[in-house]
Structures are given as C-alpha cells and as structure tokens.
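What you see is a predicted model; the values in this text were computed from it and never measured. Below, chains carry the letters A, B, ... as their sequence lines are ordered, and counting in each starts from 1.
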Amino acid sequence: MKYWLFKSEPDEFGIDDLAACQRERWDGIRNYQARNLLRDEVAVGDQVLLYHSSCKNVGVAGIAEVVAGAYPDPLQFDPDSKYFDPKSSPDKPRWISVDIAFVQKFARVLPLQTIKTMPALNEMVLVKQGRLSVQPVRAQEWQAIVAAVG
DNA sequence: GCCAACGTTGGC
DNA sequence: GCCAACGTTGGC
C-alpha cells in the first residue's frame with residue numbers, strides 16, 4: 001500500500017464534494033509525469049491526501065482511498081470536454097483515470113505554509129516541486145501530516 | 001492579476 | 001536533438 005497526494009481546486013472539486021458523492025472518478029490529469037504515476041504506481045487500496053490548490057486556504061484537506069485502478073480517462077474522447085485530446089484514440093489512449101472514495105475530512109486544512117515549516121516535511125515533493133498534481137508521499141510524511149491535524 | 005517554475009511544441 | 005517560444009500551474 002502506497003501513499004499519494006492529489007491536487008485539486010476546491011472550486012471545481014474539493015473534499016466537501018467528495019464527502020457528498022463519496023466516490024468519484026479522478027480525471028482530467030494532463031501531465032505525463034502524473035499520468036505515469038496513475039498508470040504504473042497508483043493501486044487499489046492506496047491512501048491519498050487531498051490537497052486544495054489555487055484557493056483561499058491552500059493545503060491538505062482530507063483523505064481518500066483509491067477504489068478502482070488505472071483505466072483510460074473517458075474525457076479525452078469527448079469533443080465537448082475541455083479535456084478532449086484529438087491526438088488520443090480508444091485503442092491507444094493517452095490519459096489515465098482512477099476512482100477514489102471519501103475517507104475523512106480534516107477538522108481544519110493543514111496549510112501549505114505550515115507544511116513548509118515542518119522539518120519532517122521539508123523533503124516532500126509538494127515542497128520541492130510545486131507543480132505536480134499527482135505525487136508520491138513517504139510513510140513518515142503521511143504520519144507527520146496526520147499527526148499535525150489530529 | 002502577477003510572475004516564477006517548469007513542461008511542451010516546433011523550427012532548424 | 002537542441003533550444004527558443006510559448007502555455008500552464010499555482011502561490012502570493
């Protein structure tokens with residue numbers, strides 16, 4: 001079992017939306033590094049930190065679990081979707097989705113600002129490389145984050 | 001809304 | 001295959 005951090009903009013889809021629908025397809029990932037992780041590394045049962053980006057309270061908002069493994073992102077084939085990719089085809093799909101389920105909403109968002117000050121987290125991908133929307137989290141980082149909000 | 005960091009595209 | 005131009009992400 002592995003740990004991950006998924007970024008989303010809460011204006012589009014945040015922890016409250018996941019709590020409301022309980023289970024959702026994680027789609028629209030259009031970055032090769034993130035795609036490769038979804039395709040090759042992310043597996044059913046893995047635990048996911050849901051991170052809110054580009055909003056007032058930037059930070060880790062809660063926990064989700066991967067409940068369905070990698071499959072082609074259907075939006076890449078939908079001409080009406082903003083995630084449509086004319087260079088992709090069903091027999092050679094380029095982009096990947098997984099399904100996640102709601103586990104927990106933190107009592108408060110753990111702010112990025114705080115994460116940056118925690119010595120246990122100063123090697124996090126989130127801190128070292130700002131712009132990756134699916135990223136691995138080490139077990140000790142996961143524990144430090146859960147302890148900090150608990 | 002600005003801008004830095006970084007990924008992608010495309011000319012050569 | 002290099003690299004400049006361009007686009008996107010995302011914090012502030």
Notebook entry, point to check: Would A/E65 and A/K2 count as a salt bridge (Lys or Arg N to Asp or Glu O under 4.0 Å) if you check the C-alpha gap in whole Å, the side-chain angles of each, and the deciding distance to 0.1 Å?
Noted result: CA-CA 10 Å; A/E65 179 177 337; A/K2 291 181 184 143; over 6 Å; no

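When each of A/V60, A/D46, A/L49 is paired with A/V137, the side-chain contact (heavy atoms from CB on, under 4.5 Å) condition holds for A/L49 and for no other.
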Please write out each protein N/O paired with an N/O of nucleotides 1-10 of chain B under 3.5 Å, distance rounded to 0.1 Å.
unit_1: B/dC6; atom_1: O2; unit_2: A/R131; atom_2: NH2; d: 2.9

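Residue-level contact check: A/K116 touches the backbone only, with heavy atoms under 4.0 Å from sugar-phosphate atoms and none from bases. Using a 4.0 Å heavy-atom distance criterion, A/S53 is classed as a sugar-phosphate-only contact.
Counting only residues at least two apart or on different chains, the ring pair (Phe, Tyr, Trp, His ring centres under 6.0 Å) pairs with a member in residues 25-62 of chain A are A/F6-A/W26, A/Y32-A/W95.
Side-chain heavy atoms closer than 4.5 Å link hydrophobic residues (I, L, V, M, F, W, Y) into clusters, and following such links, possibly through other members, connects A/L5 to A/V103.
Contact check on A/R25 versus A/D99 returns no salt bridge, with no Lys/Arg side-chain nitrogen under 4.0 Å from an Asp/Glu carboxylate oxygen.
Rounded to whole Å, the distance from CG on A/L132 to C1' on C/dG11 is 16 Å.
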